[in-house]
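Every number for a ligand or one of its atoms is a count from 1 in the order of the listing. All figures in this text were calculated on a predicted structure; none of them were measured in a lab.
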Amino acid sequence: MNKFKAISFVIIPSALFNYSCGKRESQNTTQTRPNIIYIMTDDHSYQTISAYGHPLSKLAPTPNLDRLANEGMLFQQAFVENSLSTPSRACLMTGLYSHQNGQRQLGTGIDSTKTFFSELLQEAGYQTAVVGKWHMQCEPKGFDYYKILWDQGEYYNPEFRSKDTNGKYIKEEGYASTLITDHSIDFLEHRDKDKPFCLLVHHKAPHRNWMPEPQYLDLYEDIEFPVPATFKDNYSTRCSPAHTQDMTIDKTMTLIYDLKVQELKDTPPYDKEWNIESLQYSFDRMTPEQLDSWNKSYHPKNQKFIDQKLKGDDLLNWKFQRYLKDYLRCIKSIDDQVGRIISYLEEQGLMDNTIIIYTSDQGFYMGEHGWFDKRFMYEESFRTPLLIRYPKAIKAGTKTDALVQNIDYAPTILSLAGVEKPKEMSGTSLEALFGGNKPADWRTSLYYHYYDYPAIHSVRRHDGVRTDRYKLIHFYGKGEMANDEDIDCNELYDLQTDPNELNNLYGKAGYEKITAELQTALDKYRIDLKVDEY
Ligand code: SGN
Ligand code: CA
């Protein structure tokens with residue numbers, strides 16, 4: 001899409017929407033109720049937070065995020081319900097599964113009559129704010145303050161709108177992660193100090209196309225990142241969707257837009273890349289100083305790459321290395337900015353009474369199975385980082401393996417704020433896990449459902465169930481993109497013996513019992529949750 005054209009039409013006057021913001025008077029305000037800061041990045045893989053111990057993150061440490069984990073709780077089995085931005089944000093706001101809140105795919109869909117947890121907090125006397133990527137096709141509901149990016153937002157000099165800009169997006173100078181933190185701290189500075197607050201900090205980074213900030217353009221340049229064990233997965237035991245997807249580093253990831261080798265833009269066959277214009281748009285919006293720093297860093301590296309005339313595996317490895325470097329540079333900025341929020345809370349004496357939650361809207365493939373992007377129910381996209389620091393209830397260094405999901409966040413925030421969860425919310429508060437023990441009646445499985453097909457990256461619709469050990473996935477639906485067939489196909493993985501999910505056991509002798517058990521669990525979800533397609 002030509003972002004330049006698109007930006008001129010989406011402006012919706014906020015006055016058209018019936019906010020509750022500011023209309024509901026606070027009741028029952030006491031300063032002892034905890035404050036909440038919920039930080040959510042966009043596409044941050046758990047593999048790239050060093051607290052999770054993955055080999056990649058050892059080479060690119062995240063000390064501020066690690067601090068949240070070390071002083072709080074590390075969730076080792078946190079997942080989303082539908083691994084895509086808008087659906088994930090809708091799960092967060094409503095505590096409902098995608099088919100319940102309407103936001104099944106990336107575009108329109110949200111049923112904005114559903115209650116957002118922010119509305120309930122506001123009614124209960126909390127001061128509420130959201131800053132950064134909102135990405136839903138409805139107005140922010142239940143927020144006293146917002147400062148939101150246009151659509152996915154831009155890394156350099158992004159446009160924001162707030163209640164004061166009359167529906168217009170205004171360009172600001174700076175790097176997205178820094179500006180989002182600036183505005184978050186600004187909200188904290190100017191808040192009503194008689195009320196507790198709930199602030200959602202929604203970063204744009206590290207979303208595609210991974211543009212680092214000026215000070216980190218050369219970070220990690222001399223590091224060779226390890227290629228994942230499944231990088232050359234040939235999908236030999238799987239159903240067709242792993243074969244027909246369009247999200248490989250090899251074929252889908254582009255040299256110009258994704259990997260920023262702009263020097264190739266007039267060279268066949270690269271001059272035909274569909275998104276050359278988008279990269280140019282990113283450069284055209286930079287200040288001369290930003291562009292100068294960028295060119296000084298990337299031009300020599302790119303020229304060296306072009307001169308090498310790499311082919312085959314050498315070219316693929318170069319793409320992987322550039323991808324990892326740019327992605328991890330964006331993560332470095334995120335880690336710094338989380339550190340800035342922590343420092344602000346420390347200076348203000350707010351660390352004890354503020355719950356800090358860190359997560360991502362979904363996971364991301366760092367080359368596993370040869371991929372980038374997300375969407376599949378395979379671990380790296382289904383699973384997210386989740387860290388919670390709250391010294392009043394969580395002992396430093398707590399870890400849990402309890403199965404948790406993004407539909408749990410709204411109930412958790414409400415219960416921490418002392419607000420009763422509406423009975424229609426499907427998620428469960430995580431507060432019961434804060435002590436470090438899993439209650440005997442904690443859920444033993446999770447339901448997943450992905451719907452965004454036909455769409456970019458060509459990932460087929462699927463739903464499935466995951467227990468602590470096994471995963472059953474059902475791919476279904478009519479083939480609606482080139483060469484796609486109608487499908488109705490299952491995969492079964494034993495995550496204990498096959499954590500990389502390479503060996504599909506569905507239909508294999510010896511797995512009849514576990515298959516039947518998982519099928520029963522999946523059918524029960526479909527019936528209980530009134531799932532209407534699968
Ligand atoms: C954009 C990206 C896709 C990505 C979707 C959804 N393409 O379309 O690669 O899968 O967003 O991402 S891009 O050319 O615009 O970068 S999500 O995080 O919003 O779900
Ligand atoms: Ca995302």
- Parallel under 30°, tilted from 30 to 60°, perpendicular over 60°: which one fits the rings of Phe475 and His462? tilted
- ligand 1 atoms nearer than 4.0 angstrom to some heavy atom of Gln362 are 18 (O), 20 (O)
- Under 4.0 Å from ligand 1, counting heavy atoms only, is it the side chain of Asp43, its backbone, both or neither? side chain
- Message: I'd like to check which ligand 1 atoms, numbered from 1 as shown, lie under 4.0 Å from a non-hydrogen atom of Asp42.
- Response: 18 (O)
- Message: Only heavy atoms of His135, strictly under 4.0 Å: list the atoms of ligand 1 that pass.
- Response: 19 (O)
- Taking the six-membered ring of Tyr453, is NZ or CZ of Arg460 closer than 6.0 Å to its centre and within 45° of its axis? yes
- Task: Pick, from Met247, His207, Arg89, the option with the minimum heavy-atom distance to atom 2 (C) of ligand 1.
- Result: His207
- Mark the output for Lys374 as yes if a heavy-atom distance to ligand 1 is under 4.0 Å, and as no if none is. yes
- Task: Using the Ca ion (ligand 2) as the apex, give the angle to atoms OD1 (Asp361) and OE1 (Gln362), rounded to 10 degrees.
- Result: 80°
- Output the atom name for the N/O/S atom of Asp42 with the smallest distance to the Ca ion (ligand 2). OD1
- Item | Cation-pi, Phe225 ring and Lys325 (6.0 angstrom, 45 degrees) | no
- Query: What is the ring orientation for Trp134 with Phe143, classed by angle as parallel under 30°, tilted 30 to 60°, or perpendicular over 60°?
  - Reply: perpendicular
- Item | Heavy-atom gap Lys133 to ligand 1 smaller than 4.0 Å | yes
- For ligand 1, which atoms, with element, lie under 4.0 Å from some heavy atom of Tyr257? 13 (S), 14 (O), 15 (O), 16 (O)
- When the aromatic ring centroids of Phe382 and Phe79 are compared, is their separation below 6.0 Å? yes
- Query: Between Leu106 and ligand 1, which part of the residue brings a heavy atom under 4.0 Å of the ligand: side chain, backbone, both or neither?
  - Reply: side chain
- Query: Given the rule in the ring-ring contact (aromatic ring centres under 6.0 Å, His included) test, do Phe231 and Phe320 qualify, once you have shown the distances and angles that lead to the verdict?
  - Reply: CA-CA 10 Å; Phe231 193 50; Phe320 173 77; 5.2 Å; yes
- Query: Using the ring of each side chain (for Trp, its six-membered ring), is Tyr175 parallel, tilted or perpendicular to Tyr155, with breaks at 30° and 60°?
  - Reply: parallel
- Query: Which one holds for Trp274 and ligand 1: side chain close, backbone close, both close, or neither close, with close meaning a heavy atom under 4.0 Å?
  - Reply: side chain
- Consider ligand 1: state whether an atom of it lies below 4.0 angstrom from any non-hydrogen atom of Phe372. no
- Is any NZ, NE, NH1 or NH2 atom of the basic residue among Arg285 and Glu159 found under 4.0 Å from an Asp or Glu carboxylate oxygen of the other? yes
- Query: Out of His457, Gln105, Arg208, Lys204, who gets a non-hydrogen atom closest to atom 7 (N) of ligand 1?
  - Reply: Arg208
- Message: Out of all atoms in ligand 1, which are within 4.0 Å of some heavy atom of Arg375? Include the element for each.
- Response: 4 (C), 5 (C), 6 (C), 10 (O)
- Message: Taking 4.0 angstrom as the limit and counting only heavy atoms of Ser85, give me the atoms of ligand 1 inside it, by number and element.
- Response: 17 (S), 18 (O), 19 (O), 20 (O)
- Message: Can you see whether Gln337 engages Ser177 through a side-chain donor-acceptor pair at a distance of less than 3.5 angstrom?
- Response: no
- Item | Atoms in ligand 1 with a heavy atom of Gln152 nearer than 4.0 Å | 1 (C), 11 (O), 12 (O), 17 (S), 19 (O)
- Per-atom filter on ligand 1: closer than 4.0 angstrom to a heavy atom of Asp373 are 4 (C), 9 (O), 10 (O)
- Item | Closest Asp43 atom to the Ca ion (ligand 2) [N, O or S only] | OD1
- Could Glu379 and Arg466 be called an ion pair, given the rule that one side-chain N must be under 4.0 Å from one carboxylate O? yes
- Query: Is it the side chain, the backbone, both or neither of Thr86 that has a heavy atom closer than 4.0 Å to ligand 1?
  - Reply: neither
- Message: Taking the ring of Trp294 and the ring of Phe283, is the distance between their centroids below 6.0 Å?
- Response: yes
- Item | Salt-bridge present (Glu139, Arg161; N to O < 4.0 Å) | yes
